[in-house]
Asker: 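Let me begin by handing over the structure; questions about it come next.
In what follows, chains are A, B, ... by sequence order, proteins preceding strands, each numbered from 1. Any value given below was found using the heavy atoms of this structure, including those in side chains, with hydrogens, waters and symmetry copies removed.
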Amino acid sequence: MTEEVNEPNERLDFIRQIVADDRASGKWDKRTHTRFPPEPNGYLHIGHAKSICLNFGIAAEFGGKCNLRFDDTNPCKEEQEYVDSITDDVKWLGWDFGDEPLFASDYFQQMYDWAVDLIKKGKAYVCDLTAEETRDYRGTLKEPGKNSPCRDRSPEENLDLFTRMKNGEFPDGSRTLKAKIDMASPNINLRDPVMYRILHAHHHRAGDGWCVYPMYDWAHGLEDSIEGITHSICTLEFENHRPLYDWFLDALDIYHPQQIEFARLNLTYTVMSKRKLLELVKDNHVSGWDDPRMPTLSGLRRRGFSPEAIRAFCKIISVNKFNSTIDYALLEHCLRQHLNKTSPRVMAVLDPLKVVITNYPEGQTDELDAVNNPEDESAGTRKVPFSKVLYIEREDFMEEPPKKFFRLAPGREVRLRYAYFITCTDVIKDDAGNIVELHCTYDPETRGGDAPDGRRVKATLHWVSDEHALDAEVRLYDHLFTLENPDNVEEGTHFTENINPDSLKVLTGCKIEPSVKDATSLDRFQFERIGYFCTDKDSEPEKLVFNKTVGLKDTWAKVQKQQQKKK
RNA sequence: UGGGGUAUAGUGUAACGGUAGCACGACUGACUCUGGAUCAGUUAGUUGGGGUUCGAAUCCCUGUACCCCAGCCA
């Protein structure tokens with residue numbers, strides 16, 4: 001007996017409820033077998049993660065299995081590059097699909113044989129109508145279609161024609177194999193749907209062995225049946241296809257899984273359709289499928305998202321049957337929650353302002369103890385070097401501080417984290433009046449960050465020692481679109497018109513503490529008081545590059561906004 | 001009346017005839033060597049209208065709104 005991992009008290013979504021009920025009733029011999037069946041014609045995105053976590057999650061929770069199966073039935077749109085990226089993404093998310101993914105193209109012969117069965121049963125026929133004629137014969141949403149003149153061909157003739165289709169005797173588009181169902185059905189999918197089309201095309205896996213390729217509706221249930229899938233979970237737009245899914249399996253009288261539909265994921269401030277994502281890439285609105293602003297899994301990975309965060313997100317959003325749009329802030333919440341627990345802290349100054357500690361000895365260096373992660377004691381501590389010339393964040397100083405600004409200002413004392421209390425004594429400006437340097441004094445008694453006399457400061461600043469600092473490039477990101485729902489634009493407006501012009505900001509000359517010297521690609525950090533960052537794939541030891549994953553919550557920024565509103 | 005679906009705070013999501021709960025967001029406050037984290041609190045909801053019932057988000061009737069379908073795409 002396999003152990004049920006689902007806690008009995010945990011509320012089940014409607015799909016898990018079906019699975020649980022089926023197990024209770026013994027419907028599938030206590031088996032649970034799902035599948036994630038992407039077409040390899042693009043990169044996976046966060047919406048796919050919802051489906052992946054659903055299918056693999058159910059399998060894991062109920063002691064079943066989940067297949068990664070490529071639905072590669074259309075050679076014109078599919079490429080090996082996509083197979084590879086999809087496989088990598090599913091692995092990265094942390095799901096186990098056995099040694100190798102499965103491919104629908106491996107079932108082509110079996111599908112062909114079944115099509116022959118249907119022809120023999122008089123349930124399928126070869127049709128000579130062109131694509132355009134087929135459309136005319138299909139009728140409209142409100143009017144029935146009419147029968148194809150080829151509909152009453154004998155099984156023998158159909159068999160002969162279908163064999164010759166397969167043998168490559170006919171040009172592309174000249175004939176199709178159709179299911180003989182009902183041209184007057186109110187469900188258009190049932191009006192003699194095409195099962196096979198002629199395509200003299202090279203298949204990325206099957207090579208040139210085939211010139212007839214199965215259509216989705218014909219192929220998909222067969223694939224599920226072959227693999228012994230119990231619950232075939234797909235998105236809402238396939239609800240209308242379910243009767244056809246069932247019809248084929250019944251006509252063939254073979255093992256018959258249950259198709260269940262759920263609503264796909266929508267997220268604010270981004271687009272999720274493959275077409276639009278492809279356009280963003282092709283027209284260079286982003287640098288590629290893995291641009292850190294993209295909602296693709298490769299983009300999120302490069303941005304610094306952890307698989308744990310994405311899985312937590314997918315769990316929390318649950319599944320349902322109606323279209324909803326999830327607030328991007330919820331994704332960020334899941335991200336921060338995981339990153340906060342796991343990211344080593346580091347001090348980095350993005351917009352450096354030079355600070356000279358006038359009473360600190362020239363040439364001297366202090367090694368101060370810093371906590372690597374206050375949320376995780378086992379992460380330990382590290383040494384951070386302190387010296388006479390330092391950098392602080394430019395926005396951490398104001399010559400004329402407004403109310404509620406607690407940071408450094410002339411005459412004010414603050415703490416440098418893990419180091420000393422300092423007091424600003426002089427503000428040095430260039431001829432144009434720009435602040436170029438601050439002179440401060442430090443209190444040696446406060447070494448480590450605490451004053452023996454118990455005096456308090458209102459702010460603690462992060463800082464980096466000039467002499468020891470590493471230079472880095474830091475890339476800041478914002479939403480790719482300015483609109484909450486970039487899909488929903490006025491007619492005549494193209495969705496790319498709402499791309500956020502400030503979605504990428506590149507900072508150079510940032511100063512980072514020396515401990516990150518050996519950071520490698522995708523290492524994640526928290527830059528204290530700023531946000532979570534990861535090393536980019538462009539990063540090299542000689543030229544560090546970091547991506548901002550997500551900012552820390554920033555109450556000062558909120559206060560500032562409110563103050564600006566008042567003015 | 002083409003057919004198929006769906007409606008619960010700003011956004012998501014529970015409640016399966018018996019106190020409308022949770023999370024995110026927003027707003028207070030406490031604490032803090034990250035204006036982080038944490039903790040406490042406030043805010044706000046059953047698509048409209050009828051019924052059945054001691055009792056309805058839930059059952060019935062009837063409106064309304066939104067989504068999907070006329071690829072030889074998936």
Asker: Find every protein N or O atom lying less than 3.5 Å from an N or O atom of nucleotides 26-32 of chain B, and list the pairs.
Answerer:
{"from": "B:rC27", "atom 1": "OP1", "to": "A:Gln562", "atom 2": "NE2", "distance (Å)": "3.4"}
{"from": "B:rC27", "atom 1": "OP2", "to": "A:Lys558", "atom 2": "NZ", "distance (Å)": "3.3"}

Asker: With sequence neighbours excluded, what pairs up with A:Phe322 under the side chain to side chain contact (heavy atoms under 4.5 Å, CB included) test?
Answerer: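 In terms of side chain to side chain contact (heavy atoms under 4.5 Å, CB included), with neighbours along the sequence ignored, A:Phe322 is linked to A:Asn320.
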
Asker: Will you find, in the side chains of A:Gln259 and A:Glu261, an N or O donor that is under 3.5 Å from an N or O acceptor?
Answerer: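 Distance-only check passes for A:Gln259 and A:Glu261.
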
Asker: Applying salt bridge (charged side-chain N to carboxylate O under 4.0 Å, His left out) to A:Lys383 and A:Asp369, what does each step give before you reach the verdict?
Answerer: CA-CA 5 Å; A:Lys383 298 283 186 188; A:Asp369 290 312; 2.8 Å; yes

Asker: Salt bridge or not for A:Glu239 and A:Lys321, using N-O below 4.0 Å?
Answerer: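 Yes, A:Glu239 and A:Lys321 are salt-bridged.
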
Asker: Taking the P atom of each, how far is B:rG55 from B:rU64, in whole Å?
Answerer: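 It works out to 29 Å between them.
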
Asker: Holding to salt bridge (Lys or Arg N to Asp or Glu O under 4.0 Å), I want the full list of residues that pass it with A:Lys341, two or more places apart in sequence or in another chain.
Answerer: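 Partners of A:Lys341 under the salt bridge (Lys or Arg N to Asp or Glu O under 4.0 Å) test: A:Glu375.
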
Asker: Would you classify A:Phe405 as touching base, sugar-phosphate or nothing, given that sugar-phosphate means primed atoms plus P, OP1 and OP2, and contacts are heavy atoms under 4.0 Å?
Answerer: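 The answer is base, as A:Phe405 lies within the cut-off (heavy atoms under 4.0 Å) of a base atom.
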
Asker: I'd like to know whether CD of A:Glu132 has more than 12 heavy-atom contacts from other residues, nucleotides or ligands below 6.0 angstrom.
Answerer: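 No, because the 6.0 Å sphere around CD of A:Glu132 holds 12 heavy atoms or fewer from other groups.
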
Asker: Please list, chain by chain and in numerical order, all residues satisfying ring pair (Phe, Tyr, Trp, His ring centres under 6.0 Å) with A:Phe248, sequence neighbours excluded.
Answerer: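 Applying ring pair (Phe, Tyr, Trp, His ring centres under 6.0 Å) to A:Phe248 gives A:Trp218.
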
Asker: Please list, in numerical order, the residues of residues 369-381 of chain A that have a heavy atom closer than 4.0 Å to any atom of RNA chain B.
Answerer: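 Residues of residues 369-381 of chain A that come under 4.0 Å of RNA chain B are, in numerical order, A:Pro374, A:Glu375.
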
Asker: Holding to salt bridge (Lys or Arg N to Asp or Glu O under 4.0 Å), I want the full list of residues that pass it with A:Lys178, two or more places apart in sequence or in another chain.
Answerer: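 Counting only residues at least two positions away or on another chain, A:Lys178 forms no salt bridge (Lys or Arg N to Asp or Glu O under 4.0 Å).
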
Asker: By nearest atom, which of the nucleotides B:rG35, B:rU11, B:rA14 is closest to the A:Arg11 side chain?
Answerer: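 Looking only at side-chain atoms, A:Arg11 lies closest to B:rA14.
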
Asker: Which value, in whole Å, describes the distance between the P atoms of nucleotides B:rG36 and B:rU11?
Answerer: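 Taking atom P in both B:rG36 and B:rU11, they lie 27 Å apart.
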
Asker: Output all residues satisfying salt bridge (Lys or Arg N to Asp or Glu O under 4.0 Å) with A:Glu169, sequence neighbours left out; order by chain, then residue number.
Answerer: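 Per chain and number, A:Glu169 pairs via salt bridge (Lys or Arg N to Asp or Glu O under 4.0 Å) with A:Arg164.
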
Asker: Round to the nearest Å and state the distance from A:Glu395 atom CD to B:rU34 atom C1'.
Answerer: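 In whole Å, B:rU34 C1' lies 13 Å from A:Glu395 CD.
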
Asker: Dot-bracket for RNA chain B: what is it, with Watson-Crick or G-U pairs under 3.5 Å, [ ] where a pair crosses earlier ones, and | for a pair to another strand?
Answerer: .((((((..((((....[..))))((((((.......))))))...(((((..]....))))))))))).....

Asker: Could you work out the separation of B:rA30 and B:rA15 based on their P atoms and round it to a whole Å?
Answerer: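 Straight-line distance between the two P atoms is 38 Å.
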
Asker: Heavy-atom count check: over 12 atoms from other residues, nucleotides or ligands less than 6.0 Å from A:Glu377 CD?
Answerer: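 No - once you tally the heavy atoms of other residues, nucleotides and ligands closer than 6.0 Å, there are 12 at most.
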
Asker: Between atom NZ in A:Lys548 and atom C1' in B:rG36, what is the gap in whole Å?
Answerer: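 Going from NZ in A:Lys548 over to C1' in B:rG36 covers 13 Å.
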
Asker: Roughly how far apart, to the nearest Å, are B:rU8 and B:rG4 at atom P?
Answerer: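 Going atom to atom, P in each nucleotide, I get 22 Å.
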
Asker: Mind running a 4.0 Å heavy-atom check of residues 317-326 of chain A against RNA chain B and sending the residues that fall below it, in number order?
Answerer: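 Per residue number, the list reads A:Ile317, A:Ser318, A:Asn320, A:Lys321, A:Phe322, A:Asn323, A:Ser324, A:Thr325, A:Ile326.
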
Asker: Between atom CG in A:Leu339 and atom C1' in B:rA37, what is the gap in whole Å?
Answerer: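 So the CG-C1' distance, A:Leu339 to B:rA37, works out to 13 Å.
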
Asker: Say whether A:Asp72 and A:Ser105, considering side chains only, have a donor N or O and an acceptor N or O under 3.5 Å apart.
Answerer: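 Side chains of A:Asp72 and A:Ser105: pair found under 3.5 Å.
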
Asker: Does B:rC24 have OP1 or OP2 under 4.0 Å away from a side-chain N or O of A:His333?
Answerer: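 Looking at the OP1 and OP2 atoms of B:rC24, one of them is under 4.0 Å from a side-chain N or O of A:His333.
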
Asker: Below 4.0 angstrom from OP1 or OP2 of B:rU11, is there any side-chain N or O of A:Thr268?
Answerer: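 No.
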
Asker: For A:Glu395, is there an ion pair with A:Arg407 - N to carboxylate O distance below 4.0 angstrom?
Answerer: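 A salt bridge is present here (some side-chain N lies under 4.0 Å from a carboxylate O).
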
Asker: In whole angstroms, how far is the C1' atom of B:rG3 from the CD1 atom of A:Ile181?
Answerer: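 These atoms are roughly 15 Å apart.
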
Asker: How would you summarise protein contacts on nucleotides 69-74 of chain B per nucleotide, using B for base, S for sugar-phosphate only and - for none, with heavy-atom distances below 4.0 Å?
Answerer: BBSBBB

Asker: For A:Phe405, check ring pair (Phe, Tyr, Trp, His ring centres under 6.0 Å) against everything at least two apart and list the hits.
Answerer: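 So A:Phe405 forms a ring pair (Phe, Tyr, Trp, His ring centres under 6.0 Å) with A:Trp556.
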
Asker: Between A:Tyr269 and A:Phe481 (judged by ring centroids, cut-off 6.0 Å), do the two rings come close enough to count as a pair?
Answerer: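 No; A:Phe481 has its ring centre 6.0 Å or more from that of A:Tyr269.
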
Asker: Let me know the distance between CD of A:Glu528 and C1' of B:rA37, rounded to the nearest Å.
Answerer: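 Roughly 11 Å, once rounded to whole Å.
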
Asker: Taking the six-membered ring for Trp, are A:Tyr442 and A:Tyr420 closer than 6.0 Å centroid to centroid?
Answerer: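 Ring centres of A:Tyr420 and A:Tyr442 closer than 6.0 Å.
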
Asker: Without decimals, in angstroms, what is the distance between A:Arg336 CZ and B:rU38 P?
Answerer: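 Value for this atom pair: 11 Å.
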
Asker: Taking atom types as modelled, is there a side-chain donor on A:Asp192 or A:Tyr137 under 3.5 Å from an acceptor on the other?
Answerer: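 A:Asp192 vs A:Tyr137: no donor-acceptor pair found between side chains.
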
Asker: Just confirming the chi classification of B:rG71, syn or anti, using 90° around 0 as the syn window.
Answerer: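 B:rG71: syn glycosidic orientation.
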
Asker: Determine the interatomic distance between P on B:rA44 and the same-named atom on B:rU38; round to the nearest Å.
Answerer: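 Roughly 25 Å separates the two P atoms.
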
Asker: Charged N to carboxylate O under 4.0 angstrom, A:Arg35 versus A:Glu223?
Answerer: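 Looking at A:Glu223 together with A:Arg35, the answer is no, because their closest N to O distance does not fall below 4.0 Å.
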
Asker: Checking contacts here: which listed nucleotide (B:rG5, B:rU34, B:rC24) is nearest the side-chain heavy atoms of A:Arg529?
Answerer: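 Ranking B:rG5, B:rU34, B:rC24 by closest atom to the A:Arg529 side chain puts B:rU34 first.
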
Asker: When the P atoms of B:rA20 and B:rA26 are considered, how many whole Å apart are they?
Answerer: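 Approximately 29 Å lies between the P atom of B:rA20 and that of B:rA26.
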
Asker: Kindly write out the residues that satisfy side chain to side chain donor-acceptor pair (under 3.5 Å) with A:Arg264, not counting sequence neighbours, or none if the list is empty.
Answerer: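 A:Arg264: side chain to side chain donor-acceptor pair (under 3.5 Å) contacts with A:Glu237.
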
Asker: Please state how far atom CD in A:Gln563 lies from atom C1' in B:rG35, giving the value in whole angstrom units.
Answerer: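 That distance rounds to 13 Å.
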
Asker: Across the strands shown, which category fits A:Leu552 at heavy-atom distances under 4.0 angstrom: base, sugar-phosphate, nothing?
Answerer: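 Answer is base: heavy atoms of A:Leu552 come under 4.0 Å of a base.
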
Asker: Tell me what A:Arg407 touches on the nucleic acid: a base, only sugar-phosphate, or nothing, going by heavy atoms under 4.0 Å.
Answerer: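 It contacts base atoms.
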
Asker: Please work out if A:Arg345 contacts a base, only the sugar-phosphate, or nothing of the nucleic acid, heavy-atom cut-off 4.0 Å.
Answerer: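 It contacts base atoms.
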
Asker: Determine the Euclidean distance between corresponding C1' atoms of B:rA7 and B:rG48; express it in Å to zero decimal places.
Answerer: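 My reading of the C1' atoms in B:rG48 and B:rA7 gives 12 Å.
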
Asker: Using a heavy-atom cut-off of 4.0 Å across all strands, would you classify A:Glu332 as base, sugar-phosphate, or nothing?
Answerer: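 Nothing, no heavy atom under 4.0 Å.
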
Asker: Taking atom C1' of B:rG35 as reference, at what distance in whole Å does atom CZ of A:Arg412 sit?
Answerer: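 Whole-Å distance recorded here is 13 Å.
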
Asker: Is it the case that the ring center of A:Phe238 lies less than 6.0 angstrom away from the ring center of A:Tyr216?
Answerer: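 Between A:Phe238 and A:Tyr216, which both carry aromatic rings, the centre distance is below 6.0 Å.
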
Asker: Mind checking the C1' distance from B:rA74 to B:rU13? Whole angstroms is fine.
Answerer: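 The answer is 30 Å between these two C1' atoms.
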
